[in-house]
Asker: 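Below is the structure I would like to discuss, written out as structure tokens.
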Number of protein chains: 2
Amino acid sequence: MTGSSARECSIANALAVVGERWSLLILREVLLGNVRFDAIAAATGGSRDILAARLRTLVAAGVLEKRPYSEQPRRHEYVATESGQALQPVLLGLMEWGDRYVTQGPPPTVWEHSCGAELHVAAVCAACGSPVGAGRSRLVRLGGVDQD
Amino acid sequence: MTGSSARECSIANALAVVGERWSLLILREVLLGNVRFDAIAAATGGSRDILAARLRTLVAAGVLEKRPYSEQPRRHEYVATESGQALQPVLLGLMEWGDRYVTQGPPPTVWEHSCGAELHVAAVCAACGSPVGAGRSRLVRLGGVDQD
DNA sequence: CTGCTGAGTTGGATAATCCAACTCAGTGGC
DNA sequence: GCCACTGAGTTGGATTATCCAACTCAGCAG
């Protein structure tokens, strides 16, 4: 948060919540159903101290919820709130991009959509349903920092 | 890259390239047309040394391209490659999520789609065009780390 | 000769991350 | 009762990364 004169922007705001290292990988695991601390630690490869810190901030930000699944012994699991579930398209978009431009070889993870096809996400305009992409949109209002 | 037993995954691979602080904000500015170093520094609010480092890694990763726009004096600009442009849906997804769950008040940045409507992105299945979301997809193959 | 712009570097302080080992509470085995 | 084990973290110390202001260097502009 260097924050004095930077552009006011929901991308930056979003990244302030989920943009730190491990946050999105934690969310990936939670959405995959890996909801216990040790499972998250094993699957992400992150060290336990920062994972604990991230889980705290994600819970505080309302992205995850910490739910006890047993008293005596006290045990909890982390589940995605509505806000956390709403990040699934972002994760799938990153996966799609990673599959295409980063990962060597075939995609390590493959999903099937309810329609039966192998899942690949596309970003479309919510109003008309046609693709969103370079040259298909125009800036109406831009937050902070005057621009050309 | 703690990397020994973590899940093999294109989300993690993608984040290894664009998941560090400032990377996606740099890309935001470049896609907005803010392609000069000083402009990026001003609009993101990041310090010049890490921005220089990030620009180097983004160029090395093929997300941005460093192009001279003048010799004598030597000046360059950064432009998004195809790979960089392919990240636009991810940025718009983050913006959408930030607008809804993080930013207080009205969205600071507003786009208009070529169809005339205010732009809101939706993630859909590329094959059938219907929404992607909770419960609408099934795991076919999962990289690394055995799971329930 | 001095100052300005663009595109970064450099140095030093501060903060975040990594890693292994440790804690603590409750169970299960013997 | 004693030992080991599981789940969910903490703690300490070393290593990196980030922040910030100030500096460089080249080519003009006055």
Side-chain angles (χ1 to χ4, degrees), chain A residues 1-6 12 15-26 29-30 33-61 64-79 145-148, chain B residues 1-6 12 15-26 29-30 33-61 64-79 145-148:
Chain A
M1 263 132 276
T2 324
S4 46
S5 67
L15 289 172
V17 175
V18 295
E20 287 171 301
R21 218 182 157 188
W22 306 111
S23 295
L24 287 176
L25 293 180
I26 288 173
E29 289 307 316
V30 169
N34 255 338
V35 293
R36 300 186 320 287
F37 187 87
D38 280 19
I40 293 169
T44 60
S47 38
R48 313 169 69 74
D49 53 352
I50 38 166
L51 292 178
R54 289 293 176 279
L55 285 166
R56 258 194 300 274
T57 65
L58 289 173
V59 167
L64 299 182
E65 195 184 346
K66 186 175 183 172
R67 266 209 322 230
Y69 66 87
S70 136
E71 306 283 336
Q72 315 301 341
R74 221 158 203 300
R75 294 290 138 83
H76 355 78
E77 60 187 9
Y78 293 90
V79 293
V145 181
D146 291 327
Q147 204 218 353
D148 40 308
Chain B
M1 261 135 281
T2 324
S4 46
S5 67
L15 289 173
V17 175
V18 295
E20 286 169 302
R21 218 184 156 188
W22 307 112
S23 295
L24 287 176
L25 294 180
I26 288 173
E29 290 307 315
V30 169
N34 255 338
V35 293
R36 301 187 318 287
F37 186 88
D38 279 20
I40 293 169
T44 59
S47 37
R48 311 171 70 75
D49 54 351
I50 39 166
L51 292 178
R54 288 294 177 278
L55 285 165
R56 257 194 301 275
T57 65
L58 289 173
V59 167
L64 298 182
E65 196 183 344
K66 185 176 185 173
R67 266 212 316 234
Y69 66 86
S70 138
E71 306 283 337
Q72 315 305 332
R74 220 157 202 300
R75 294 290 138 83
H76 354 79
E77 60 186 9
Y78 293 91
V79 292
V145 181
D146 291 327
Q147 204 218 355
D148 39 308

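Naming convention: chains lettered A, B, ... in sequence-line order (proteins, then strands); numbering from 1 in each chain. Heavy-atom basis, side chains included; hydrogens, waters and symmetry copies ignored. The model shown is predicted, which means the values in this text are computed figures rather than measured ones.
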Asker: Nearest 0.5 Å please: distance from the CG atom of B:Leu55 over to the OH atom of B:Tyr78.
Answerer: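 Going from CG on B:Leu55 over to OH on B:Tyr78, the span is 4.5 Å.
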Asker: Roughly, in whole Å, what's the span from CG in A:Leu15 to P in D:dT18?
Answerer: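 To the nearest whole Å, that distance equals 14 Å.
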Asker: Tell me, do B:Tyr69 and B:Arg36 make a side-chain contact under 4.5 Å, heavy atoms counted?
Answerer: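 Result yes, sub-4.5 Å side-chain heavy-atom pair found.
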Asker: Can you list the residues that meet the side-chain contact (heavy atoms from CB on, under 4.5 Å) rule with B:Gln72, with sequence neighbours excluded?
Answerer: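 Checked B:Gln72 against side-chain contact (heavy atoms from CB on, under 4.5 Å); zero matches.
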Asker: Give the rounded distance in Å between these two atoms: CD1 of B:Ile26 and P of C:dG8.
Answerer: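 From B:Ile26 CD1 to C:dG8 P: 11 Å.
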Asker: Can you tell me which nucleotide in C:dC19, D:dG9, D:dC19 comes closest to the side chain of A:Ala52?
Answerer: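 Shortest atom-to-atom distance from the side chain points to D:dG9.
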Asker: Considering only side-chain heavy atoms of A:His76, which listed nucleotide, D:dA8, D:dC19, C:dG8, is closest?
Answerer: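 Among D:dA8, D:dC19, C:dG8, the one nearest the side chain of A:His76 is D:dA8.
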Asker: Distance check needed: D:dG7 P versus A:Asp38 CG, whole Å only.
Answerer: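 For the pair A:Asp38 CG and D:dG7 P, the rounded distance is 6 Å.
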Asker: Using atom CD1 of B:Ile50 as one end and atom C1' of C:dT14 as the other, report the distance to the nearest whole Å.
Answerer: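 Atom CD1 in B:Ile50 sits about 14 Å away from atom C1' in C:dT14.
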Asker: Between B:Leu51 (CG) and D:dC20 (P), how many Å, whole number?
Answerer: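 The distance from CG of B:Leu51 to P of D:dC20 comes to 11 Å, rounded to the nearest Å.
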Asker: What is the distance, to the nearest angstrom, from the CG atom on A:Asp49 to the P atom on C:dT17?
Answerer: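 Whole-Å distance recorded here is 9 Å.
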Asker: Mind checking whether A:Leu64 and A:Ile26 have side chains closer than 4.5 Å, heavy atoms only?
Answerer: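 Sidechains of A:Ile26 and A:Leu64: in contact.
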Asker: C:dG8, D:dT11, D:dC19: which one has an atom nearest the side-chain heavy atoms of B:Lys66?
Answerer: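 Ranking C:dG8, D:dT11, D:dC19 by closest atom to the B:Lys66 side chain puts C:dG8 first.
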Asker: Distance check: side-chain N/O of A:Trp22 vs OP1/OP2 of C:dA16, anything under 4.0 Å?
Answerer: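 Result: no.
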Asker: Just N and O in the side chain of B:Tyr78: are any of them under 4.0 Å from OP1 or OP2 of C:dG6?
Answerer: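 Indeed not, no polar side-chain atom of B:Tyr78 lies that close.
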Asker: Quick check for you: among D:dT10, D:dC19, D:dG7, whose closest atom lies nearest to any side-chain atom of A:Tyr69?
Answerer: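 My answer, after comparing the listed nucleotides, is D:dG7.
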Asker: Counting heavy atoms from C-beta on, name the nucleotide in D:dT18, C:dT10, C:dG8 closest to the side chain of B:Arg21.
Answerer: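 In terms of side-chain proximity for B:Arg21, the closest of D:dT18, C:dT10, C:dG8 is D:dT18.
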Asker: Any salt bridge (charged side-chain N to carboxylate O under 4.0 Å, His left out) pairs touching residues 45-59 of chain B, not counting sequence neighbours?
Answerer: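 Residue pairs passing salt bridge (charged side-chain N to carboxylate O under 4.0 Å, His left out), neighbours aside: B:Asp38-B:Arg48.
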Asker: Separation of B:Arg56 atom CZ from D:dT18 atom P, in whole Å?
Answerer: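 Checked: the CZ to P distance equals 13 Å.
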Asker: Kindly write out the residues that satisfy salt bridge (charged side-chain N to carboxylate O under 4.0 Å, His left out) with B:Glu77, not counting sequence neighbours, or none if the list is empty.
Answerer: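 Salt bridge (charged side-chain N to carboxylate O under 4.0 Å, His left out) list for B:Glu77, sorted by chain: B:Arg67.
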Asker: Take atom CD1 of A:Ile40 and atom P of D:dG9, then tell me their distance rounded to the nearest Å.
Answerer: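 Rounding to the nearest Å, CD1 of A:Ile40 and P of D:dG9 are 9 Å apart.
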Asker: Under the salt bridge (charged side-chain N to carboxylate O under 4.0 Å, His left out) test, which residues partner B:Arg74, sequence neighbours left out?
Answerer: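 Testing B:Arg74 for salt bridge (charged side-chain N to carboxylate O under 4.0 Å, His left out), a comparison that skips the adjacent residues, returns B:Glu71.
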Asker: In B/S/- notation, 5' to 3', how is nucleotides 22-30 of chain D contacted by protein heavy atoms closer than 4.0 Å?
Answerer: ----BSS--
